[in-house]
Amino acid sequence: QVQLVESGGGLVQAGGSLRLSCAASGRTLSTFGDFVVGWFRQAPGRERREFVATFSDNGENVNYLESVKGRFTVSSENAKNTVYLQMSSLKPEDTAVYYCAARAKKFYSPFTYYTNPNNYGYWGQGTQVTVSS
């Protein structure tokens with residue numbers, strides 16, 4: 001079992017920055033080498049959670065939604081069993097509830113497999129990010 005808890009959301013002006021944290025318990029990040037951690041977001045009025053980034057292999061494999069490339073960065077701190085989503089140059093369209101998720105790595109699966117929220121079994125409760133214009 002893996003428990004995930006997000007934190008770090010809030011209200012920020014356009015152009016500002018926030019760092020979200022995803023703290024894991026139940027499994028250590030050292031075993032996260034076998035896990036993929038995904039960041040997703042669900043904007044107001046949207047039914048589906050949107051892929052933002054995936055992180056695996058202790059950072060050797062990181063993928064981003066095209067619209068956040070160069071602005072968002074995923075990293076981890078094994079000692080704290082935490083994965084971070086550093087968000088910079090925030091835009092109003094980044095406003096959403098942000099979730100982290102985790103699943104065991106499915107070998108030989110393409111990157112796109114991990115962009116589908118339906119393929120994740122462990123989810124945090126979400127944290128609200130609001131970007132004002």
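Computed over heavy atoms, backbone and side chain alike; hydrogens, waters and symmetry mates excluded.
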A.B. asks: Say you draw a straight line from CZ of Phe55 to CZ of Phe35; how long is it, rounded to the nearest 0.5 Å?
C.D. replies: 14.0 Å
A.B. asks: Taking the side chain as C-beta and beyond, is there a heavy-atom pair between Arg48 and Pro117 under 4.5 Å?
C.D. replies: yes
A.B. asks: Side chain to side chain contact (heavy atoms under 4.5 Å, CB included), that's the test. Do Val36 and Asn61 meet it? Break it down for me.
C.D. replies: CA-CA 9 Å; Val36 175; Asn61 288 299; over 6 Å; no
A.B. asks: With side chains defined as the heavy atoms from C-beta onward, is the minimum distance between Trp39 and Phe72 less than 4.5 Å?
C.D. replies: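 Not touching, per the 4.5 Å side-chain cut-off.
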A.B. asks: Does the side chain of Arg46 reach to within under 4.5 Å of the side chain of Val97, using non-hydrogen atoms?
C.D. replies: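 The answer is no, as the side chains (C-beta and beyond) never meet within the 4.5 Å cut-off.
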A.B. asks: Could you check Leu85, Asp94, Leu20 and say which one makes a side-chain contact (heavy atoms from CB on, under 4.5 Å) with Val129?
C.D. replies: Leu20
A.B. asks: Between Thr82 and Glu77, is any side-chain donor less than 3.5 angstrom from a side-chain acceptor?
C.D. replies: no
A.B. asks: How long is the span from the CZ atom in Phe51 to the CG atom in Asn63, to the nearest 0.5 Å?
C.D. replies: 6.0 Å
A.B. asks: With ring-ring contact (aromatic ring centres under 6.0 Å, His included) as the test, pick out the partner of Phe40 among Trp123, Tyr98, Tyr114.
C.D. replies: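 Of the listed options, the one satisfying the test is Trp123.
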A.B. asks: Could you tell me which non-hydrogen atom of Ala101 sits nearest to which non-hydrogen atom of Tyr120, and how far apart they are?
C.D. replies: CB-CD2, 3.6 Å
A.B. asks: Would a distance-only check, ignoring hydrogens and angles, find a side-chain to backbone donor-acceptor pair under 3.5 Å from Arg19 to Tyr84?
C.D. replies: no
A.B. asks: Would Lys105 and Asp57 count as a side chain to side chain contact (heavy atoms under 4.5 Å, CB included) here? Give the steps.
C.D. replies: CA-CA 9 Å; Lys105 187 187 300 183; Asp57 300 310; 2.2 Å; yes
A.B. asks: In Å, rounded to the nearest 0.5 Å, how long is the span from OG of Ser21 to NZ of Lys80?
C.D. replies: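 The NZ atom of Lys80 is 8.5 Å from OG of Ser21, to the nearest 0.5 Å.
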A.B. asks: Write out all pairs satisfying disulfide bond (SG atoms under 2.5 Å apart) with one or both partners inside residues 45-98, taking only residues at least two apart or from two chains.
C.D. replies: none
A.B. asks: As a quick check of understanding, evaluate side-chain hydrogen bond (donor to acceptor under 3.5 Å, both in side chains) for Thr73 and Gln86, giving each step before the final call.
C.D. replies: CA-CA 5 Å; Thr73 302; Gln86 176 69 49; over 6 Å; no
A.B. asks: Which pairs would a plain distance check flag for residues 4-18, meaning a side-chain donor or acceptor within less than 3.5 Å of a matching protein atom at least two apart in sequence or in another chain?
C.D. replies:
unit_1, atom_1, unit_2, atom_2, d
Glu6, OE1, Gln125, N, 2.8
Glu6, OE1, Gly126, N, 2.7
Glu6, OE2, Cys100, N, 2.7
Glu6, OE2, Gly126, N, 3.4

A.B. asks: How about Asn58 and Asn78: do any of their side-chain heavy atoms sit closer than 4.5 Å?
C.D. replies: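 Asn58 vs Asn78: side chains touch.
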A.B. asks: So, using side-chain contact (heavy atoms from CB on, under 4.5 Å) as the criterion, who are the partners of Gln42 when residues are at least two apart?
C.D. replies: Arg49, Tyr99
A.B. asks: Using a 4.5 Å cut-off on heavy atoms from C-beta on, say whether the side chain of Leu65 contacts that of Glu50.
C.D. replies: yes
A.B. asks: Between Gln128 and Thr95, is any pair of side-chain heavy atoms under 4.5 Å apart?
C.D. replies: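 A side-chain contact under 4.5 Å exists here.
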